[in-house]
Amino acid sequence: MATGTEPPATEPDHRGGVRSGTRAAISAPHLRTDRWWLAPAATAAGLLAFIVYSTWRAFANTDYYAAPYVSPFYSPCLAENCEPMRGGPNWELFGGWWGISPAIIILIFPLGFRLTCYYYRKAYYRGFWASPPACAVAEPHTKYTGETRFPLILQNVHRYFFYAAILVAGILTYDTVLAFRDENYAWGHMGLGTLVFLANIALIWAYTLSCHSCRHIVGGKLKHFSRHPVRYRMWQWVSRLNARHMQLAWASLLSVALADFYVYLVASGVFDDPRFF
C-alpha cells in the first residue's frame, strides 16, 4: 500500500561509469580549480614529438652511421641492406628481400617494451585516451574494461619485452664501447659522441632495471628475505630505481633521441665530431 513517502519512479540510467545512477549525483564534471589539463597535455605533446621524430628517422634509412658511431635506432642492424659497420653489430639475418629501413626490425623490441611499461601506460592512457585525464576528473568513457580485452590485454606481454630490452641494452653497451675508437677505428680515443653514448646507455640501463617487472623478477615470490640476502639487496637497489621510474622513462626517451640526432648530424656532415683525445 502506498504511503506517499516512496521516491518518484525514474527511468533507468544507462550512462554507466561515473555518470550512472549508483554514483554521487554531482552535476559538475569535476570540482578541481587548478589547471589539471596541463599535465596530460604536456605528456601527449612530449610523446607525440618523439613519435614524429622516431618515425621520420626510422623510415629515413640514411645518415645513421658515422664511424665509430651508430644510431641506437639502427642497432643491431639485422638486414642485408644495412650500411657496413666495421666491428659493429651487423647481423644480416634478413636477406636481400628486406627492402625497407632496417630500423623497423629492431625498433619493435624497445618500442614494445616502452608501450607496455607501467608508467608509459599511465602516460598515454591519460594523455591520448583520457582514461582518466587526471586525478578526480571523470573519464569520458561510459564503460571501462581495463586490460581484460583485446587489444589492451596484450599489455601482459610486458615481461617478455623486458627480456628483449635487456638484450638490446647489452648491444647498445657494445656500441658505446666501440665509440672509444676514432673514425679510422683506432682504439684509445674519445669524442663528444662518446660522452653522448655514455650518458645514453647509463640512462637506458637505469630505466630498464627500474622496470616493475625487473623488481618482481629480482625479489618476487620470496616469503623470507632473510633467507635470500643477495636477492634482498638487489631488490632494495632496484626498488630505489623504481621510485624514479617516471623520471628515468622520460630521461632515457630524450637521451636515445639525442644520441640518434647526434649521429645524424655527424653522418650528414653538419659538423665533425669534436675529439678530446
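Because the structure is predicted, anything quoted here is derived from the model rather than measured.
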Worksheet item: Remaining members of Phe59's ILVMFWY cluster at a side-chain heavy-atom cut-off under 4.5 Å?
Response: Leu78, Trp91, Leu93, Phe94, Trp97, Trp98, Ile100, Ile104, Ile105, Leu167, Ile171
Discussion item. In terms of relative ring orientation, are Tyr53 and Trp56 parallel, tilted or perpendicular, with 30° and 60° separating the classes?
Written reply: perpendicular
Worksheet item: With a distance cut-off below 6.0 Å to the six-membered ring centre and an angular limit of 45° from the axis, does Arg114 pair with Tyr124 as a cation-pi contact?
Response: no
Practice prompt. Assess whether ring-ring contact (aromatic ring centres under 6.0 Å, His included) is satisfied between Tyr64 and Phe73, documenting all intermediate values.
Written response: CA-CA 8 Å; Tyr64 58 84; Phe73 289 177; over 10 Å; no
Discussion item. Minimum heavy-atom separation for Ser252 and Asn200, please, with both atom names.
Written reply: O-OD1, 4.3 Å
Practice prompt. Kindly give the heavy-atom pair with the smallest separation between Pro140 and Ala130, and that separation in Å.
Written response: CD-O, 3.2 Å
Worksheet item: Taking the inter-plane angle between the rings of Trp250 and Tyr119 on a 0 to 90° scale, is it parallel (under 30°), tilted (30 to 60°) or perpendicular (over 60°)?
Response: perpendicular
Discussion item. Tell me if the centroids of the rings in His245 and Tyr207 come within less than 6.0 Å of each other.
Written reply: yes
Response to the item:
salt bridge (charged side-chain N to carboxylate O under 4.0 Å, His left out) filter on Asp273, not counting sequence neighbours, yields Arg275
Worksheet item: Taking only residues two or more places apart in sequence or in another chain, which ones pass salt bridge (charged side-chain N to carboxylate O under 4.0 Å, His left out) with Arg57?
Response: Asp260
Worksheet item: With respect to Tyr69, which candidate in Phe261, Phe180, Phe197 satisfies the ring pair (Phe, Tyr, Trp, His ring centres under 6.0 Å) definition?
Response: Phe197
Worksheet entry | Centroid separation Tyr74 to Tyr65 less than 6.0 Å | no
